[in-house]
*Asks:* 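Following this message is one structure expressed as structure tokens.
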Amino acid sequence: MTETAIATEADEQTTIETTDGESTERTRKEWTTYRSDGDTAISVRNLDVYYGDEHALDDISMDIPEQSVTALIGPSGCGKSTFLRSLNRMNDRIKSARVEGTVEFGGEDIYQDGVDLVELRKRIGMVFQSPNPFPKSIRANVAYGPRKHGEIDRGLAARLLGRDDSDQEKALVERSLRQAALWEEVNDRLDDNALGLSGGQQQRLCIARCLAVGPEVILMDEPASALDPIATSKIEDLIEELAEEYTVVVVTHNMQQAARISDQTAVFLTGGQLVEYDDTDTIFESPESQRVEDYITGKFG
Ligand code: ADP
Ligand code: MG
């Protein structure tokens with residue numbers, strides 16, 4: 001290779017500041033240009049996120065395939081949650097956050113002016129790290145979204161107006177709880193307070209609440225990190241099942257979990273960079289990047 005060719009190639013790469021134990025290997029664009037066989041659900045292009053002066057995500061481009069599980073892994077602080085939140089504009093709620101770039105979903109950039117955020121977050125739902133059910137009945141938790149969006153009308157006022165969707169609500173609650181693999185455990189106590197459920201059940205209830213509004217994409221930020229191994233394994237099974245119908249993007253700091261449940265894995269490293277994105281098997285068995293290999297073999301992070 002001529003010296004000019006080397007110089008040109010080097011210009012296309014970026015050097016970054018690294019943390020203890022991490023090498024200074026440069027990233028290469030081809031390590032992150034991954035296309036699956038399936039259709040793309042969300043297409044992210046040149047996404048930068050800043051918190052004030054802090055550059056939390058650095059020029060991320062990636063396509064998230066439909067009806068599959070995409071895992072986001074990487075050490076703490078590398079921007080996984082920030083990236084996940086940027087997929088349904090949850091960062092809008094953080095005052096100091098500024099987002100540049102595009103996130104295309106259903107043929108439209110979600111960052112365009114005039115996007116209906118309530119509708120967007122219905123289509124791209126989110127499940128958080130600690131289960132956060134409302135202090136209401138199990139039924140009311142699942143029906144919360146549809147009631148709020150006016151899809152289900154019930155109670156005295158509705159009855160007086162000749163409209164009562166109780167049957168519809170019943171069916172929706174059952175369907176959502178079944179999809180979240182919780183129905184068998186709670187069907188005899190739907191009017192009990194959700195806070196009486198175990199942590200694992202509460203998290204599956206939050207998943208049911210998210211499913212009840214009919215999302216296409218489900219974003220999960222370390223959904224099992226507060227749970228014991230048995231509850232975790234139920235959530236993992238559920239995630240794999242959900243991916244038959246939904247697009248699931250899951251942040252996890254547990255690499256074994258990513259390896260078990262995901263179809264493709266994106267590795268974020270220091271500096272808010274996406275360093276490598278590929279089939280999960282490739283990432284764990286033969287990554288291109290030395291830093292990714294060092295990370296997954298536990299040399300840092
Ligand atoms: P991860 O989920 O990979 O641990 P985060 O996305 O939470 O990483 O954070 C990425 C960087 O952005 C970190 O340096 C973090 O301190 C910063 N950050 C995250 N959330 C906020 C926030 N709400 N306000 C300011 N800085 C934030
Ligand atoms: Mg996080």
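Just so you know, these numbers use all the heavy atoms, side chains as well, and skip hydrogens, waters and symmetry mates. Residues: numbered from 1 along the sequence shown.
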*Asks:* Tell me the closest heavy-atom pair linking Thr232 and Ala224, and the distance in Å.
*Replies:*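 Answer, listing the atom of Thr232 first, then Ala224: OG1-O, 3.6 Å.
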*Asks:* Stepwise, does the side-chain contact (heavy atoms from CB on, under 4.5 Å) test hold for Ile60 with Phe268?
*Replies:* CA-CA 10 Å; Ile60 310 292; Phe268 289 74; 3.9 Å; yes
*Asks:* My understanding is that a hydrophobic cluster links ILVMFWY residues whose side chain heavy atoms are under 4.5 Å apart, including indirect links. Using that, what else belongs to the cluster containing Val248?
*Replies:*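 Same cluster as Val248: Val69, Val127, Ile207, Leu211, Ile218, Met220, Leu227, Ile235, Leu238, Ile239, Leu242, Tyr246, Val250, Ile261.
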*Asks:* How close do Leu177 and Val142 get, heavy atom to heavy atom, and via which atoms?
*Replies:*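 Nearest heavy atoms, Leu177 then Val142: CD2-CG2, 3.8 Å.
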*Asks:* Run the salt bridge (charged side-chain N to carboxylate O under 4.0 Å, His left out) check on Arg147 and Glu169 step by step: do they pass?
*Replies:* CA-CA 9 Å; Arg147 282 185 194 174; Glu169 177 177 288; 2.9 Å; yes
*Asks:* Check whether any side-chain N or O of Thr280 sits under 3.5 Å from a backbone N or O of Ala259 as a donor-acceptor pair, and report yes or no.
*Replies:*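 Side chain of Thr280 to backbone of Ala259: no pair is present.
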*Asks:* Taking atom NZ of Lys95 and atom CG of Asp92, what is their separation to the nearest 0.5 Å?
*Replies:*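 The CG atom of Asp92 is 14.0 Å from NZ of Lys95, to the nearest 0.5 Å.
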*Asks:* What's the verdict on salt bridge (charged side-chain N to carboxylate O under 4.0 Å, His left out) for Lys122 and Glu151, showing C-alpha distance, side-chain angles and the deciding distance?
*Replies:* CA-CA 12 Å; Lys122 229 170 96 173; Glu151 283 149 20; 2.7 Å; yes
*Asks:* Would you check if Ile64 and Leu87 make a side-chain contact, meaning some heavy-atom pair closer than 4.5 Å?
*Replies:*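 In short, these two side chains touch, coming nearer than 4.5 Å.
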*Asks:* Does any N or O in the side chain of Glu104 come within less than 3.5 Å of the main-chain N or O of Ser43, such that one atom is a donor and the other an acceptor?
*Replies:*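 A pair under 3.5 Å: no.
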*Asks:* Give a yes or no answer on whether the side chain of Arg209 reaches the backbone of Gly145 with a donor-acceptor pair at less than 3.5 Å.
*Replies:*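 Such a contact is absent between Arg209 side chain and Gly145 backbone.
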*Asks:* Distance-only, no hydrogens or angles: does the Tyr111 side chain make a donor-acceptor pair with backbone N or O of Ser86 under 3.5 Å?
*Replies:*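 Yes, Tyr111 side chain to Ser86 backbone: donor-acceptor pair under 3.5 Å.
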*Asks:* The test is side-chain contact (heavy atoms from CB on, under 4.5 Å); show your working for Glu288 and Arg28 and say whether it passes.
*Replies:* CA-CA 9 Å; Glu288 303 270 8; Arg28 286 172 179 268; over 6 Å; no
*Asks:* Please lay out, stage by stage, how Tyr277 and Ile283 fare under the test side-chain contact (heavy atoms from CB on, under 4.5 Å).
*Replies:* CA-CA 7 Å; Tyr277 177 39; Ile283 291 290; 5.8 Å; no
*Asks:* Using a 4.5 Å cut-off on heavy atoms from C-beta on, say whether the side chain of Asn88 contacts that of Arg123.
*Replies:*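 No, side chains not in contact.
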*Asks:* Going only through I, L, V, M, F, W and Y residues with side-chain contacts under 4.5 Å, is there a path from Ile124 to Val115?
*Replies:*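 Yes; Val115 is reachable from Ile124 via cluster members.
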*Asks:* If every non-hydrogen atom of Pro133 is compared with every non-hydrogen atom of Pro131, which pair is closest and at what distance?
*Replies:*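 Heavy atoms of Pro133 and Pro131 come nearest at CD-C, 3.3 Å.
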*Asks:* Going by side chain to side chain donor-acceptor pair (under 3.5 Å), Tyr34 matches just one of Asp278, Thr265, Thr282, Asp279. Which one?
*Replies:*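 It is Asp279; the other options fail the test.
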*Asks:* Which of these, Glu185, Gln179, Glu184, Arg178, sits in a side chain to side chain contact (heavy atoms under 4.5 Å, CB included) with Leu182?
*Replies:*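 Between Leu182 and the candidates, side chain to side chain contact (heavy atoms under 4.5 Å, CB included) is satisfied uniquely by Glu185.
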*Asks:* Is Ser68 reaching over with its side chain to a backbone N or O of Pro65, donor-acceptor style, under 3.5 angstrom?
*Replies:*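 Checked: pair present.
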*Asks:* Does Asp116 use its side chain to pair, donor to acceptor, with the backbone of Glu119 at less than 3.5 Å?
*Replies:*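 Side chain of Asp116 to backbone of Glu119, a donor-acceptor pair under 3.5 Å: yes, one is there.
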*Asks:* Any side-chain heavy-atom pair from Gln112 and Glu108 closer than 4.5 angstrom?
*Replies:*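 In short, these two side chains touch, coming nearer than 4.5 Å.
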*Asks:* Quick one: does Asp63's side chain get under 4.5 Å of Val44's, heavy atoms only?
*Replies:*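 No, their side chains stay 4.5 Å or more apart.
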*Asks:* Are Leu172 and Val213 in one and the same hydrophobic cluster, where Ile, Leu, Val, Met, Phe, Trp and Tyr link if side-chain heavy atoms are under 4.5 Å apart?
*Replies:*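 Per the 4.5 Å side-chain linkage, Leu172 and Val213 are not co-clustered.
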*Asks:* Under 4.5 Å between side-chain heavy atoms, counting indirect links through other Ile/Leu/Val/Met/Phe/Trp/Tyr residues: same cluster for Phe105 and Leu47 or not?
*Replies:*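 Hydrophobic grouping puts Phe105 with Leu47.
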*Asks:* So, the side chain of Ser137 versus the backbone of Asp192: is there a donor-acceptor pair under 3.5 Å, distance only?
*Replies:*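 No.
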*Asks:* Taking atom types as modelled, find out whether Ser289 and Glu25 have a side-chain donor-acceptor pair closer than 3.5 angstrom.
*Replies:*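 Looking only at side-chain atoms, Glu25 and Ser289 do form a donor-acceptor pair, the distance falling under 3.5 Å.
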*Asks:* Can a salt bridge be assigned to the pair Glu236 and Arg260 using a cut-off of 4.0 Å between side-chain N and carboxylate O?
*Replies:*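 Looking at Glu236 and Arg260, the cut-off is met.
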*Asks:* Going by heavy atoms in the side chains, are Asn187 and Glu174 under 4.5 Å from each other?
*Replies:*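 When only atoms from C-beta onward are counted, Glu174 and Asn187 do not touch, as no gap falls below 4.5 Å.
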*Asks:* Any non-hydrogen side-chain atom of Leu269 less than 4.5 Å from a side-chain atom of Pro75?
*Replies:*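 Yes; the side chains approach each other to less than 4.5 Å.
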*Asks:* Nearest 0.5 Å, what's the CZ-CG distance between Arg89 and Leu117?
*Replies:*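 Result: 4.5 Å between the selected atoms.
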*Asks:* Within this structure, what is the OG-CD distance for the pair Ser81 and Gln129, rounded to the nearest 0.5 Å?
*Replies:*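 Rounded to the nearest 0.5 Å, the OG-CD separation comes to 7.5 Å.
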*Asks:* Once you round to the nearest 0.5 Å, how far does CD1 of Ile152 lie from OH of Tyr144?
*Replies:*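 The OH atom of Tyr144 is 14.0 Å from CD1 of Ile152, to the nearest 0.5 Å.
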*Asks:* Could you walk me through whether Arg85 and Asn91 satisfy the side chain to side chain donor-acceptor pair (under 3.5 Å) test, starting with their C-alpha distance in whole Å, then the side-chain angles of each, then the deciding distance to 0.1 Å, before giving a yes or no?
*Replies:* CA-CA 6 Å; Arg85 287 195 301 263; Asn91 287 319; 2.8 Å; yes
*Asks:* For Val173, does its backbone N or O pair with a side-chain atom of Ser176 as donor and acceptor, under 3.5 Å?
*Replies:*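 A pair under 3.5 Å: no.
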*Asks:* Starting at NZ of Lys234, measure out to OG of Ser198 and round the result to the nearest 0.5 Å.
*Replies:*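 Reported value, rounded in 0.5 Å steps: 7.5 Å.
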*Asks:* Does one hydrophobic cluster hold both Val251 and Phe284, with members joined at side-chain heavy-atom distances below 4.5 Å?
*Replies:*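 Per the 4.5 Å side-chain linkage, Val251 and Phe284 are not co-clustered.
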*Asks:* Considering non-hydrogen atoms only, spot the tightest contact between Ala258 and Ile73 and give its length.
*Replies:*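 Of all heavy-atom pairs spanning Ala258 and Ile73, the closest is CB-CG2, 3.7 Å.
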*Asks:* So if I apply the side chain to side chain contact (heavy atoms under 4.5 Å, CB included) rule between Met62 and each of Ile42, Thr40, Thr32, Leu72, which one comes out positive?
*Replies:*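 Exactly one option meets the side chain to side chain contact (heavy atoms under 4.5 Å, CB included) with Met62, and it is Leu72.
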*Asks:* Do Ser96 and Tyr50 pass the side chain to side chain donor-acceptor pair (under 3.5 Å) test, and can you show the C-alpha distance, the side-chain angles, and the key distance before you say yes or no?
*Replies:* CA-CA 8 Å; Ser96 65; Tyr50 302 84; over 6 Å; no
*Asks:* Which is it for Lys136 and Asn193 under the side-chain contact (heavy atoms from CB on, under 4.5 Å) test, yes or no, and what are the steps along the way?
*Replies:* CA-CA 5 Å; Lys136 293 169 181 279; Asn193 196 307; over 6 Å; no
*Asks:* Let me confirm one number: the CZ-CG distance from Phe83 to Asp221, rounded to the nearest 0.5 Å.
*Replies:*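 If I round to the nearest 0.5 Å, the distance is 12.5 Å.
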*Asks:* Do the charged groups of Glu293 and Lys299 touch, with an N to O distance under 4.0 Å?
*Replies:*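 Salt bridge: no.
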*Asks:* Is there a side-chain contact between Met255 and Tyr295 (heavy atoms, below 4.5 Å)?
*Replies:*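 The answer is yes, as the side chains (C-beta and beyond) meet within the 4.5 Å cut-off.
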*Asks:* Go through Gln257 and Thr252 one step at a time and tell me if the side chain to side chain donor-acceptor pair (under 3.5 Å) criterion holds.
*Replies:* CA-CA 7 Å; Gln257 179 170 78; Thr252 175; 2.8 Å; yes
*Asks:* Ignoring hydrogens and angles, tell me if any N or O in the side chain of His55 forms a donor-acceptor pair with the backbone of Leu57 under 3.5 Å.
*Replies:*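 Answer holds: yes.
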*Asks:* Could you report the tightest heavy-atom contact between Phe128 and Met90, atom names first, then the distance?
*Replies:*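 Closest approach of Phe128 to Met90, heavy atoms only: CZ-CE, 3.8 Å.
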*Asks:* Between Glu100 and Arg45, does any NZ, NE, NH1 or NH2 come within less than 4.0 Å of an OD or OE carboxylate oxygen?
*Replies:*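 Not counted as a salt bridge, because no side-chain N and carboxylate O are separated by less than 4.0 Å.
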*Asks:* Looking only at non-hydrogen atoms, find the nearest pair between Asn141 and Ala194 and report the distance.
*Replies:*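 Nearest pair, atom of Asn141 first, then Ala194: ND2-CB, 3.4 Å.
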*Asks:* Do Leu120 and Met126 sit in the same hydrophobic cluster, where Ile, Leu, Val, Met, Phe, Trp and Tyr count as joined when their side-chain heavy atoms come under 4.5 Å apart?
*Replies:*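 In one cluster with Leu120: Met126, yes.
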